[in-house]
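Each remark here refers to the structure printed beneath this line.
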Amino acid sequence: MLPAFTHPWDLTPADAAALQRTLRGRVEIRPLPPVRTAAALDVSFSKFAKELVGGAVVVDVETGDVLEERVLVGSATFPYVPGLLSFREGPVLSEILMRLKTPVDLILCDGQGLAHPRRFGIACHLGVLFGIPSVGCAKSLLCGDCREPGEKRGSSTRLIHNGDVVGRAVRTRDGVKPVFVSPGHLADFDDSVRLILRLASRYRLPDPIRRAHRLVNEARRRFGL
DNA sequence: GCGACAG
DNA sequence: ATCTTGTCGC
């Protein structure tokens, strides 16, 4: 029985987790549909103003063109707690996602997906809430262990937590620190890694995420926050 | 009790 | 994440 809600964020954490378990159990992970557009999300935090500046950059995955950009300011109603990032950054990001005009085939998150103590990082959360494929790409580890990937771009190793494979450490550039990729929703490990490598050809982080990062930081400064 | 700990 | 200048290296 799916919970009723008017706004995606009205789902409680338990609802969302139950919903994902249901989906993962009953919905075959079909081949990921063609990903033509991707929305990268990020948040910049103003320490003294106690406000979050969220942003999304929608790109054409094939050409790399920016199709849409959107920023929104929200208050920090929840503290940063490792494992509960969704409840700090989720509200403003979901609000932004609802306001996007461009159809989005993939949500790209700056954080974990499956590689989470409860297997439900922010990438899973947003993907499930919107019913859109999603992938988590984090710069550091929240939980789990892995061996060091080979030094060349494209090499990766499995990320394991409590006996589960929860993601992969992926080298996106020769000799640079790997990123930690994990499925969010409707994408498997190979899908996730393939997408991240496709989007991160020039820098360590996927280009859309870098753009989202710059977008929110510039916006925060423009707003005097 | 101790250490770890996305952004 | 944020607070911050210069600096080491390809």
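Every chain is numbered from 1, with letters handed out A, B, ... down the list of sequences.
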OP1 or OP2 of dA1(C) sitting under 4.0 Å from any side-chain N/O of Arg220(A)?
no

If you measure from the Lys or Arg side-chain nitrogens to the Asp or Glu carboxylate oxygens, is any gap between Arg214(A) and Asp42(A) under 4.0 Å?
no

Under 30°, 30 to 60°, or over 60°: which ring-plane class applies to Phe78(A) and Phe87(A), parallel, tilted or perpendicular?
tilted

Ile122(A) has a side chain; which of dG7(B), dA6(B), dA1(C) sits nearest to it?
dA6(B)

Arg88(A) CZ to dA1(C) C1', in whole Å, measures 7 Å

Can you figure out which of dT2(C), dG7(B), dA6(B) approaches the side chain of Leu142(A) most closely?
dA6(B)

Give one of base, sugar-phosphate or nothing for Leu141(A), where a contact means two heavy atoms less than 4.0 Å apart.
sugar-phosphate

Asn217(A) side-chain N/O to dT2(C) phosphate OP1/OP2 under 4.0 Å
yes

What's the closest nucleotide to the Lys47(A) side chain, out of dT2(C), dC5(B), dG7(B)?
dT2(C)

Quick one: label Asp145(A) by what it contacts on the DNA or RNA (base, sugar-phosphate, nothing), any heavy atom closer than 4.0 Å.
nothing

Looking only at side-chain N and O atoms, does His213(A) come under 4.0 Å of OP1 or OP2 in dG7(B)?
no

Quick check against the 3.5 Å criterion: does Arg171(A) have a side-chain atom that pairs as donor or acceptor with the backbone of Pro149(A)?
yes

Separation of Lys139(A) atom NZ from dT2(C) atom P, in whole Å?
10 Å

Taking CZ from Phe180(A) and P from dC5(B), how many angstroms apart are they, rounded to a whole number?
10 Å

Where is the tightest heavy-atom contact between Leu32(A) and Pro133(A), given as atom of each residue plus distance?
CD1-CB, 3.6 Å

Answer with base, sugar-phosphate or nothing: what part of the nucleic acid does Ser44(A) contact at a heavy-atom distance below 4.0 Å?
sugar-phosphate

Nucleotide dT2(C), atom C1' - distance to CG of Leu225(A) in whole Å:
13 Å

Figure out the CG/P separation between Leu93(A) and dA6(B), and round it to whole Å.
17 Å

Atom pair distance, as rounded to whole Å: CG in Leu159(A) and P in dC5(B)
12 Å

d(NE2, His116(A); P, dG7(B)) in whole Å
13 Å

Has Asp105(A) got a side-chain atom pairing as donor or acceptor with Thr37(A)'s backbone, closer than 3.5 angstrom?
yes

Quick one: Ile209(A) CD1 to dA6(B) P, roughly how many Å, whole number?
16 Å

Which part of the nucleic acid, if any, lies within contact of Leu41(A), taking any heavy atom under 4.0 Å across all strands shown: a base, the sugar-phosphate backbone alone, or nothing?
nothing

Over all strands shown, is Gly136(A) touching base, sugar-phosphate only, or nothing at heavy-atom distances under 4.0 angstrom?
nothing

Using the six-membered base ring of dA1(C), report whether Tyr80(A) stacks on it, requiring centroids under 5.5 Å and planes under 30° apart.
no

